[in-house]
Protein chains: 2
Amino acid sequence: MTKLSLTEENYLKAIYFIGGTSNQLVNTNAIAERLNTKAATVTDMLRKLKQKDLIEYQPYKGTRLKLEGKVKAIGILRKHRLWETFLVEKLAFGWEEVHEMAEQLEHIQSTELTERLSAFLGFPEFDPHGDPIPNKEGVFPRRDNVTLDRAKPDTAVMVQGVKDSSTEFLNYIAKLGIQLGDHIAVKSVEEFDRSLVVEHKNQQYRISALAAANLYIKEL
Amino acid sequence: MTKLSLTEENYLKAIYFIGGTSNQLVNTNAIAERLNTKAATVTDMLRKLKQKDLIEYQPYKGTRLKLEGKVKAIGILRKHRLWETFLVEKLAFGWEEVHEMAEQLEHIQSTELTERLSAFLGFPEFDPHGDPIPNKEGVFPRRDNVTLDRAKPDTAVMVQGVKDSSTEFLNYIAKLGIQLGDHIAVKSVEEFDRSLVVEHKNQQYRISALAAANLYIKEL
DNA sequence: AATCATTTTTAGATTTGCCTAAATTTAGAT
DNA sequence: ATCTAAATTTAGGCAAATCTAAAAATGATT
Ligand SMILES: [Mn+2]
Ligand SMILES: [Mn+2]
Ligand SMILES: [Mn+2]
Ligand SMILES: [Mn+2]
């Protein structure tokens, strides 16, 4: 229950992100790359986090979150996604603008604030990018992780989220006019490159397999 | 335009607060006391802030904000008071609960966020404690700084703010049931100790000169 | 089994922010 | 004018977080 520094919180978040749900062993270099820092710096922090019993760590072997570390990481993720929802829903920011602000807001301490924010937003289950928001017990809402590239011709789908949240991808689909909740009809799939011709907002156009693979959908 | 550290921001805020509107010279010890730190630590920071041209500072003489430092300090104060307004108006916190959270939120960087927050709140001019919120040019809204202890018998007033924002005082007047915007009728003033008998929400009670001196009012 | 490229850790510095204890300066009181 | 107490600065150190360069471990490849 000790209060973590902003830096420690960011390391836990990075380990959580890289390790994924499987809680795989995470390499020092991977953490360094994600946090734009050096492997030597990461080693220092891993020793410290192990000392605080937040992670498992054996020199040269890798690291994974222990339960307490995972709880912390999910708590930060919860705040991040709630704040992103606030920024888009209440302050009318675009979904491609909010990540950097949320990186700061996720470190605001008060859990009471977090819970009231969630209530104010109507207990949202997904953030503006369609990513699931864990509840205060750390449980994620369920969702099928089907992407548009799996859709068959002559099916109608709804856009539920983005797999790649990078500014580049968000800007690209913003240019196409695609937003969460939009309906898309798959007209045909090209054998050669798996690209799709879709109908969206009364327009027909082609979308690459790569772009389609980064759009989560629900089949209608 | 260099980005300041959280610590640097808090020093500028402290100097601004102690110096007041008059931009008086501020003593090292006063800053140390306000920030719960040691005079030696303050000296270190003053040298650094002078080096960044944010303050005037001469050893043994004291310090005052230069224009750029003052602009920064007012900007932080603006964010502090806007966030307090958000917490009370939108998240239904009590006015005595919000200061600590605002101490963290005031350091969130984005000015775009600040301006959208202000718009979302309806461009408030006063925070939940009745303190004026500077606009984005740093200009404070005008208000008469008359306190209840100046009121004459048989006058009606409205509570506009609190001079002392300490938790102790806020809890005390919360116990009396006094809120911003409340109407109070002054029935009589006791010669001996300058205490007042007031009528408030259909109740008559006595209020000390000290408590009255910490309530800003508008005469009706 | 020995070699070599990659990964990771260790060693040694740097910066920021903070501390205690010892000077030093200032200003008030004789 | 001198003395003294308070305020302030200087000196020296410490912890957190970072870096570069060197050393060590790992594991894949002859
Ligand atoms: Mn994000
Ligand atoms: Mn962060
Ligand atoms: Mn406050
Ligand atoms: Mn602060």
Side-chain angles (χ1 to χ4, degrees), chain A residues 1-19 24-65 69 72-73 76 103-104 106-107 109, chain B residues 1-19 24-65 69 72-73 76 103-104 106-107 109:
Chain A
M1 267 295 162
T2 36
K3 210 167 66 186
L4 300 177
S5 74
L6 184 145
T7 308
E8 291 168 328
E9 290 195 345
N10 283 338
Y11 274 88
L12 291 178
K13 224 181 28 143
I15 297 167
Y16 179 78
F17 185 86
I18 299 165
Q24 296 271 308
L25 276 177
V26 171
N27 294 331
T28 302
N29 265 351
I31 300 169
E33 190 173 344
R34 181 154 175 89
L35 296 179
N36 289 306
T37 184
K38 298 301 155 76
T41 309
V42 174
T43 300
D44 287 342
M45 182 58 81
L46 292 181
R47 257 202 247 91
K48 191 177 155 198
L49 292 175
K50 180 190 176 141
Q51 220 264 307
K52 294 196 177 193
D53 215 41
L54 295 162
I55 60 172
E56 293 171 32
Y57 166 59
Q58 282 190 290
Y60 293 104
K61 298 301 179 185
T63 185
R64 69 160 56 89
L65 295 177
K72 292 280 188 192
I76 300 161
E103 282 294 316
Q104 293 175 55
E106 71 189 1
H107 301 289
Q109 302 276 329
Chain B
M1 268 296 162
T2 35
K3 209 168 64 184
L4 300 178
S5 74
L6 183 146
T7 309
E8 290 168 329
E9 290 194 345
N10 282 338
Y11 273 87
L12 292 178
K13 226 182 27 148
I15 297 167
Y16 179 78
F17 185 87
I18 299 165
Q24 299 268 308
L25 276 176
V26 170
N27 294 331
T28 301
N29 265 351
I31 300 169
E33 190 173 346
R34 183 157 173 86
L35 295 179
N36 289 307
T37 183
K38 297 301 154 75
T41 308
V42 174
T43 300
D44 287 343
M45 183 57 81
L46 292 181
R47 256 202 247 92
K48 191 177 153 198
L49 292 175
K50 179 188 176 143
Q51 220 265 306
K52 293 196 177 192
D53 215 42
L54 294 162
I55 61 172
E56 293 171 31
Y57 167 59
Q58 283 189 290
Y60 294 103
K61 297 302 180 186
T63 185
R64 69 160 56 89
L65 295 176
K72 291 279 188 193
I76 300 160
E103 281 295 316
Q104 293 176 52
E106 72 189 0
H107 301 288
Q109 303 277 325

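Throughout, a chain's letter reflects where its sequence line sits, starting with A, and its residues are numbered from 1.
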Anything under 3.5 Å between a protein N or O and an N or O of nucleotides 26-28 of chain D, put it in a table, one pair a line.
none

Subject >> side chain to side chain donor-acceptor pair (under 3.5 Å) partners for N29(A), two or more places apart >> reply: none
Original post:
Does a nitrogen or oxygen in the side chain of K38(A) sit under 4.0 Å from OP1 or OP2 of dT18(D)?
Top reply: no
Original post:
Any idea which heavy atoms bring A73(A) and Y16(A) closest together, and the distance?
Top reply: CB-CB, 3.7 Å
Subject >> Partner residues of E8(A) under the side chain to side chain contact (heavy atoms under 4.5 Å, CB included) criterion, sequence neighbours left out >> reply: L4(A), S5(A), M45(A), K48(A), L49(A), K52(A)
**OP:** Select base, sugar-phosphate, or nothing to describe what T43(A) touches, counting heavy atoms under 4.0 Å on all strands.
**Re:** base
Subject >> side chain to side chain donor-acceptor pair (under 3.5 Å) partners for N27(A), two or more places apart >> reply: none
Original post:
Which base, if any, makes a Watson-Crick or G-U wobble pair with dC14(D), both distances under 3.5 Å?
Top reply: dG17(C)
Original post:
Using a heavy-atom distance cut-off of less than 4.0 Å, which residues of residues 5-16 of chain A contact DNA chain C?
Top reply: none
Subject >> Protein-nucleotide distance (Q58(A), atom CD; dA25(D), atom P), rounded to Å >> reply: 15 Å
Subject >> Aromatic F17(B) / basic R34(B) pairing, under 6.0 angstrom, 45° off normal >> reply: yes
**OP:** For T41(A), answer base if it contacts any base atom (sugar-phosphate contacts may also be present), sugar-phosphate if it contacts only those atoms, and nothing otherwise; contact means non-hydrogen atoms under 4.0 Å.
**Re:** base
Subject >> Sequence-distant partners of K61(B), side chain to side chain contact (heavy atoms under 4.5 Å, CB included), two or more places apart >> reply: Q58(B)
**OP:** Using atom CG of L4(B) as one end and atom P of dT16(C) as the other, report the distance to the nearest whole Å.
**Re:** 13 Å
Original post:
Who pairs with K38(B) by side chain to side chain donor-acceptor pair (under 3.5 Å), at least two apart in sequence or on another chain?
Top reply: none
Original post:
Between N27(A) and dT7(C), is there a side-chain N or O to OP1/OP2 distance below 4.0 Å?
Top reply: no
Subject >> Listed partners of Q109(B) passing side chain to side chain contact (heavy atoms under 4.5 Å, CB included), at least two apart >> reply: Q104(A), K3(B)
**OP:** Return the value, rounded to whole Å, for the distance between atom CG of D44(A) and atom C1' of dA15(D).
**Re:** 13 Å
Original post:
When the distance from CG of L46(B) to P of dA7(D) is rounded to whole Å, what number comes out?
Top reply: 16 Å
Original post:
Within less than 4.0 Å of OP1 or OP2 of dT8(C), is there a side-chain N or O belonging to N29(A)?
Top reply: yes
Original post:
Can you name the residues that form a side chain to side chain donor-acceptor pair (under 3.5 Å) with K13(B), not counting sequence neighbours?
Top reply: E103(B), E106(B)
Original post:
For I31(A) and dT18(D), what is the distance between atoms CD1 and P respectively, to the nearest whole Å?
Top reply: 13 Å
**OP:** Specify the separation, in whole Å, of atom NZ of K3(B) and atom P of dT16(C).
**Re:** 14 Å
Original post:
Tell me: CD of E33(A) to P of dT6(C), nearest whole Å?
Top reply: 15 Å
Original post:
Would you say dT9(D) has OP1 or OP2 under 4.0 Å from some side-chain N or O of R47(B)?
Top reply: no
